[in-house]
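Reviewing the structure listed below.
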Amino acid sequence: MGGRRLSTTQEPFSPAGREAALARLASEELDVLVIGGGVVGAGAALDAVTRGLNTGLVEMRDYAAGTSSRSTKLFHGGLRYLEQFNFALVFEALKERSLNLETLAPHLVHPVEFIYPLTKAFDHAYVSLGMGVYDVMGSGRGVPHHMRYMRRAKAKESFPSGKGSEISGAISFYEGQVDDARHTMMIARTAANYGAAIANSTRVERFLREDDRVIGVVARDLESGKEFEIHAQHVINAAGVWTDEIQEMVGGRGSFRVRASKGVHVVVPRNRINSATGIIHRTEKSLLFIIPRGSHWVIGTTDTDWELDKAHPAASQTDIDYLLDHANALLADPLTRDDVVGVYAGLRPLLAGESESTSTLSREHAVASPVRGLTVIAGGKYTTYRVMAKDAVDNAVHGLDRVVAPSCTERIPLIGADGYFAAWNNRQAIARRAGLRVHVLEHLLNRYGSLYTQLLSLIEERPELGEPLTGGDEYLKAEVVYAASHEGAQHLDDILARRTRLSIEVRDRGVEAAQEVAALVAPILGWDAGQTAREIEHYTKRVAAEIESQKQPDDQTADSARLGAPDVRVGIPSA
């Protein structure tokens, strides 16, 4: 890749740590190899390694680069499943919400209040009953037991931007909110801390077979271009929407098929909607979410079939207008296209039948072993990732020749969770000693938990890293340095789209910040001047292609426009 790579840390997700992981993957026989660095794959790696299994994971792009960075960013029970009387799935999801809010990731998952506006006469009885059941099922599960009925005046007081003529009342309740990309990365990083060999930018090319059994894979390091073998007693395919493609590598059709459903979200400034809470409302097809997130609102989502490029699903102008139109049905001051500062599109991996529309396909998950030595996991929802991971590893260990301990991930906090509550309670004193404003420390605590001390150490060594980024002043320069040295970021895109969310939070989509970020991380990642320039050029083209795709009228033209910017991990020359 050119340039001198500085090994500033031996952390598993440092550049040196990635090289060590690749060496282990190439030289050791693993008990379990996981394909896919989304939330389920990362969860499976954590589950396996904490059972005492020699575990590896490979991800062809970046942690959470696909579906797991493009969700609605909620840990929730699923009101739509309650409507379908799927109480088991709702209860399971509410249990997982509680675990993450209270034990596993309290630094990354936080309660957020919502209201459900009542707009029809029958809503008052029907919705109140349903929300009451939901509240009882979730009582004591990580959020306040706080379902509350509001009459018209109270609803207007809570939601001043709401159309008074449309809203006759509301019901308030709580859900859990998460930065999905950081959460997924932290799961993977936790697994690495327990000893899993984990590498991003590593693509599976084909399977290794011995008679009728899978015994590993041939993989390619996309940073160096080198191909190598990984041997494992069992492989778990947790590739999400790529499940079918991975299954085809072993020949024939698998036990189930996966269909991709596109979900689009738009981001608008916080000052464009005056509301004390988030808003959830029923549409003709699904639910509309208007979610408070820092200085913005996230509005979603769509639910449409997608059969085009899976790596970079594109949002069209039709998708954006659909969301704005449904939000405007509730707003007295309508949103316009000019209000939108960010857009993202993700693909849900749904278990597919032969003819269902994506809005009716199952969000439940399935596990199968199409051939010996291979487990496939697909379906499900972000909230229940841990259960999916457990089920996948349970299936995998049946093929091992020894007794394996049961899953213990209910009791394994992610790194940064231990000590978070104490640090939060002491945040004013900590901020004073560190010379930071309290809101800056709160920002660090809610992104790194008790690992905030590592950021403070960077700032102590280099005080200039305590300054905000140019073009992204909600983030400190130390955060992008840390993303490269401790969080596995390999490219500018990883930092601006997932370690931070500048790609959807500022109007220029992070272009202004790109040059400064590249300069900060170049010494850590070993970029010379040429590689640094290529990274900035790639990111600029990525943003331009996304913006152009969002001006197109339909999926086909949007997809064509988005493909105008190639993936940064494809065709990288060897050093």
Side-chain angles (χ1 to χ4, degrees), residues 39 69-80 82 90 93-117 131 134-135 137-150 154-155 157-162 170-184 186 263 265-282 287-301 323 327 330 342 344 381-385 417 420-421 424 439 442-443 445-447 449 474 501 504-505:
V39 70
S69 62
R70 307 178 191 190
S71 74
T72 304
K73 310 188 191 311
L74 294 177
F75 266 81
H76 63 109
L79 291 172
R80 65 187 299 176
L82 190 64
V90 173
L94 289 171
K95 175 187 174 182
E96 295 304 309
R97 184 185 73 180
S98 173
L99 279 171
N100 278 276
L101 283 161
E102 296 178 335
T103 304
L104 304 184
H107 54 316
L108 302 172
V109 185
H110 309 282
V112 59
E113 187 177 6
F114 284 92
I115 63 168
Y116 190 113
M131 295 299 295
Y134 189 72
D135 193 52
M137 291 179 72
S139 179
R141 295 189 178 275
V143 299
H145 178 62
H146 193 62
M147 196 211 88
R148 184 163 53 97
Y149 175 78
M150 298 179 177
K154 279 291 184 183
E157 182 180 324
S158 174
F159 182 24
S161 285
I171 295 171
S172 73
F173 63 102
Y174 282 82
E175 292 288 14
Q177 185 175 60
V178 65
D179 182 332
D180 49 7
R182 289 200 61 75
H183 178 257
T184 296
M186 285 289 210
H265 296 76
V266 299
V267 181
V268 302
R270 191 68 175 267
N271 62 12
R272 280 298 287 114
I273 300 174
N274 186 2
S275 178
T277 71
I279 299 118
I280 297 180
H281 189 60
R282 199 78 176 83
L287 293 173
L288 176 77
F289 295 85
I290 303 177
I291 306 166
R293 185 166 186 80
S295 58
H296 300 87
W297 296 95
V298 175
I299 302 173
T301 178
L323 292 172
L330 295 172
Y344 64 94
K381 52 186 285 188
Y382 196 101
T383 302
T384 56
Y385 82 89
Y420 164 74
F421 289 117
W424 182 261
H439 77 87
E442 289 175 348
H443 164 86
L445 285 170
N446 287 332
R447 284 171 52 77
E474 291 190 19
R501 302 315 288 265
I504 59 171
E505 290 177 340

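All values below come from the heavy atoms of this structure, side chains included, with hydrogens, waters and symmetry mates left out. Count residues from 1 along the sequence.
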Do [X] and [Y] touch side chain to side chain, with heavy atoms closer than 4.5 Å?
| X | Y | result |
| --- | --- | --- |
| His107 | Leu445 | no |
| Tyr344 | Val298 | yes |
| Phe159 | Ile279 | yes |
| Tyr420 | Asn446 | yes |
| Pro111 | Glu175 | no |
| Ile299 | Phe289 | no |
| Ile291 | Lys73 | no |

Under 6.0 Å between ring centres: does that hold for His76 and Phe173? no
Decide if the gap between the ring center of His183 and the ring center of Tyr382 is smaller than 6.0 angstrom. yes
Do you know which two heavy atoms are closest between Gly176 and Val112, and how far apart they sit? C-CG1, 4.4 Å
Determine the minimum heavy-atom distance between Tyr116 and Arg282, stating which atoms define it.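 Closest heavy-atom pair between Tyr116 and Arg282: OH-CB, 3.2 Å.
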Could you check Leu330 against His281 for side-chain contact (heavy atoms from CB on, under 4.5 Å), going step by step and ending with a plain yes or no? CA-CA 9 Å; Leu330 295 172; His281 189 60; 3.7 Å; yes
For Ile273 and Ile290: C-alpha separation, side-chain torsions, deciding distance, then whether side-chain contact (heavy atoms from CB on, under 4.5 Å) applies. CA-CA 9 Å; Ile273 300 174; Ile290 303 177; 3.8 Å; yes
Take Met150 and Ile171 through the side-chain contact (heavy atoms from CB on, under 4.5 Å) test and state the conclusion after the steps. CA-CA 6 Å; Met150 298 179 177; Ile171 295 171; over 6 Å; no
Nearest-0.5 Å distance, [atom1] of residue [X] to [atom2] of residue [Y]:
| X | Y | atom1 | atom2 | result |
| --- | --- | --- | --- | --- |
| His296 | Asn271 | NE2 | CG | 9.5 Å |
| Leu99 | Leu94 | CG | CG | 11.5 Å |
| Ser172 | Ile115 | OG | CD1 | 8.5 Å |
| Arg447 | Glu442 | CZ | CD | 14.5 Å |

Indicate yes or no for a side-chain donor-acceptor contact from [X] to the backbone of [Y] under 3.5 Å, with no hydrogens or angles considered.
| X | Y | value |
| --- | --- | --- |
| Ser275 | Thr277 | yes |
| Gln177 | Pro292 | yes |
| Thr384 | Lys381 | yes |

side-chain hydrogen bond (donor to acceptor under 3.5 Å, both in side chains) against Thr301, all qualifying residues, sequence neighbours excluded: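 Only Arg348 meet the side-chain hydrogen bond (donor to acceptor under 3.5 Å, both in side chains) criterion with Thr301.
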Run the side-chain contact (heavy atoms from CB on, under 4.5 Å) test on Tyr385 and Glu96 for me, step by step, so that the C-alpha distance in whole Å, both residues' side-chain angles and the decisive distance to 0.1 Å come before the verdict. CA-CA 9 Å; Tyr385 82 89; Glu96 295 304 309; 5.6 Å; no
State whether Asp179 and Arg501 are salt-bridged, where the test is any N-O pair (Lys NZ or Arg NE/NH1/NH2 against Asp/Glu carboxylate O) under 4.0 Å. yes
Examine Lys95 relative to Phe75 and say whether NZ or CZ is less than 6.0 Å from the centre of the six-membered ring and inside a 45° cone about the ring axis.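 No; the conditions do not both hold, so Lys95 does not lie above the ring face of Phe75.
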Decide whether a cation-pi geometry holds between Arg270 and Trp297; the criteria are a distance under 6.0 Å from NZ or CZ to the six-membered ring centre and an angle within 45° of the ring axis. yes
Distance only, no hydrogens: is a donor on one side chain within 3.5 Å (strictly under) of an acceptor on the other, for Ser71 and Asp180?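 Result is yes, a qualifying pair exists.
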